[in-house]
Amino acid sequence: IGFEDLVFDSKYFDWDFNRITDLKLTEHYLDAGQKSYDLEALSLKYLDKYVDTKSSDIEFIDLIKRISKNQKRILDQEYGDYNYDLQTDIKMAVILARVSENGVGIDQDLLAELEKEVALDIEDTSSRIYELVGREFNIASPKQLSEVLYEELELAQYLKKKTRSTAEAVLHSIEDKHPVVKEVLRFRNISKLHSTYLLPFGEFAKLDGRIHSKFNLLGTSSGRLSSKSPNMQNLPAHVNLSNSFRELFVAREGYKFVALDYSQVEFRIMAHLSQDENLIDDFESGADIHARTAARVFGIDQDKVDKETRTKGKTINFGILYGQSKYGLSSQLDISNEMAQKYIDSYYRKYSKVKEYIDQMTVRATKTQKVKTIYGRTRFIPGLTSKNFMVRQASIREAINMPIQGSNADFMRLAMVKLDELIHGPQSDYDYGDVYMVSQIHDELIFEVKEELVEDFAEIACDVMQEIVELSVPLDVNYEIGESFAKLK
């Protein structure tokens with residue numbers, strides 16, 4: 001049911017699964033940025049020696065005990081009465097195995113239709129590209145595409161840099177210089193949809209008509225879940241098809257999907273961490289956070305904020321949250337660097353404690369080379385002291401974002417454990433088969449619920465999620481109900 005893909009290495013098959021799991025998940029809490037959590041890596045870190053776990057001479061139980069003792073010492077020294085119950089992660093391994101086993105239903109007929117539609121679209125788009133260029137070539141080859149665009153069509157003159165890259169961002173920058181560029185971007189989009197999703201989905205769902213994605217607790221440095229076979233965290237958002245891609249995912253007969261997500265939770269975490277009065281007031285008053293930011297940054301009344309101006313406010317909000325520089329923001333808003341810096345400065349004047357928090361946290365992180373979530377999950381960022389300016393700046397952005405995104409991930413783990421108890425716990429009011437937890441996509445938890453229970457379950461689940469943690473601002477949880485993933489939007 002997926003344990004081996006969550007935290008289990010097959011070479012340990014004759015040893016206690018829970019103890020190996022405990023080591024790995026504890027290590028992810030202590031250092032979420034590591035590339036590997038296997039026994040070889042942990043032995044090298046804690047015992048200062050390489051251990052060949054394939055050797056028959058290794059005493060695994062002794063090895064596990066010694067690593068665990070060192071982990072506990074660090075927990076006791078640096079975390080005291082650490083306020084995140086590590087058993088939460090142990091329970092999550094079991095929950096995710098169950099989610100994988102439950103799976104999500106796929107509309108097989110629609111899948112076949114979309115596959116044919118996309119295959120024809122790829123063929124038609126290829127023909128348009130060949131016609132515009134005047135000959136056939138391998139569109140998927142960066143080398144051949146570069147030669148066509150920059151030598152034959154002479155589009156190199158429009159590049160901001162001398163590199164003749166065919167990266168998506170570069171192609172978007174010259175999209176209006178020749179109609180073939182837009183067609184190439186479309187070709188890439190639909191080709192990826194065909195090869196990465198539609199074709200594999202048919203194979204994944206062949207056994208029982210359901211997708212059984214395998215989720216990984218250790219896959220990201222922030223603590224967010226990752227998944228594979230297929231990757232449910234990166235489903236196409238906007239695709240020009242006759243049917244929405246999300247319509248593929250359908251509830252079984254007699255059930256509906258219930259999707260729950262925390263509303264603007266990362267901004268609420270920033271309000272809690274920074275204790276900025278204006279940001280806290282925005283949430284306590286129930287204001288539209290992006291419209292309020294736009295009004296403050298641009299110095300206008302909130303009732304004068306139109307859709308376009310609100311979008312700018314949203315972009316600025318996310319830019320601050322992710323440590324974006326004036327260069328990044330100018331690119332996002334298509335404005336000058338000077339204007340972008342004015343927006344950032346204006347934001348920090350209105351939300352001065354956000355600026356104080358970011359400055360203080362950056363200094364502290366640079367000194368210790370690590371950052372922590374609200375619950376103490378730690379990520380080491382050695383690049384903060386790099387002599388390379390670009391590396392250092394990227395590390396600062398990571399340091400600003402990780403406590404926020406990581407805290408969000410911890411909230412989600414706690415919520416999933418509580419909701420699993422709601423469904424399967426000894427005090428549960430639900431019978432087996434009433435409710436299935438079937439997926440977790442970014443900030444969204446998706447359940448499959450019997451039709452007569454959906455409203456009741458959605459309301460109760462919202463209450464459970466809102467009570468996970470008490471912040472300086474109220475948590476807000478939204479829910480949507482629908483027969484397919486598409487109907488949840």
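Since this is a predicted model, take the numbers as computed values, not measurements. Count residues from 1 along the sequence.
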For this session: Check the side chains of Ser472 and His272 for a donor-acceptor pair under 3.5 angstrom, ignoring hydrogens and angles.
Result: yes
Exercise. Is Arg252 positioned over the aromatic face of Tyr255, cation under 6.0 angstrom from the ring centre and no more than 45 degrees off axis?
Worked result: yes
Problem set entry | With sequence neighbours excluded, residues passing ring-ring contact (aromatic ring centres under 6.0 Å, His included) with Tyr348 | none
For this session: State, without any angle test, whether Glu27 and Tyr46 hold a side-chain donor-acceptor pair at a distance under 3.5 Å.
Result: yes
For this session: Please confirm whether Lys372 makes a cation-pi placement over Tyr79, using NZ or CZ under 6.0 Å from the six-membered ring centre and within 45° of the ring normal.
Result: yes
Problem set entry | Whether Tyr29 side chain and Tyr375 backbone form a donor-acceptor pair below 3.5 Å | yes
For this session: Would you indicate whether the side-chain heavy atoms of Phe267 and Ile404 approach each other to under 4.5 Å?
Result: no
Exercise. Can you list the residues that meet the side-chain hydrogen bond (donor to acceptor under 3.5 Å, both in side chains) rule with Arg310, with sequence neighbours excluded?
Worked result: Asp288
Exercise. Taking atom types as modelled and ignoring hydrogens, do the side chains of Arg292 and Gln302 form a donor-acceptor contact shorter than 3.5 angstrom?
Worked result: yes
For this session: Would you indicate whether Glu168, at its atom CD, is surrounded by more than 12 heavy atoms from other residues, nucleotides or ligands within a distance under 6.0 Å?
Result: no
For this session: Look at Lys350 together with Asp282 and state whether they make a salt bridge at an N to O cut-off of under 4.0 Å.
Result: no
For this session: Flag this pair as yes if the NZ/CZ of Arg377 is under 6.0 angstrom from the six-membered ring centre of Tyr84 and inside a 45 degree cone about the axis; otherwise no.
Result: yes
Seminar exercise, completed: Across all chains, not counting sequence neighbours, the ring-ring contact (aromatic ring centres under 6.0 Å, His included) partners of Phe457 are Tyr430, Phe447
Exercise. Looking only at atom types and distance, does a side-chain atom of Ser173 sit under 3.5 Å from a main-chain N or O of Val170, one as donor and one as acceptor?
Worked result: yes
Problem set entry | Qualifying residues under salt bridge (charged side-chain N to carboxylate O under 4.0 Å, His left out), relative to Lys450, sequence neighbours excluded | Asp434
Exercise. For residues 327-337, which residue pairs qualify under side-chain hydrogen bond (donor to acceptor under 3.5 Å, both in side chains), counting only residues two or more places apart or in two chains?
Worked result: Ser330-Asn337
For this session: Would you check if there is a donor-acceptor pair between the side chains of Thr378 and Asp31 at a distance under 3.5 Å?
Result: no
Exercise. Can we say Lys256 and Glu452 salt-bridge, meaning some charged N sits less than 4.0 Å from an Asp/Glu carboxylate O?
Worked result: no
Exercise. Regarding Ser36 and Asp38, is there a side-chain donor-to-acceptor distance under 3.5 Å anywhere?
Worked result: yes
For this session: Would you list the pairs meeting ring-ring contact (aromatic ring centres under 6.0 Å, His included) in which at least one residue belongs to residues 460-479, sequence neighbours left out?
Result: none
For this session: Please determine if Arg379 and Glu398 form a salt bridge, counting it only when a charged side-chain N lies under 4.0 Å from a carboxylate O.
Result: yes
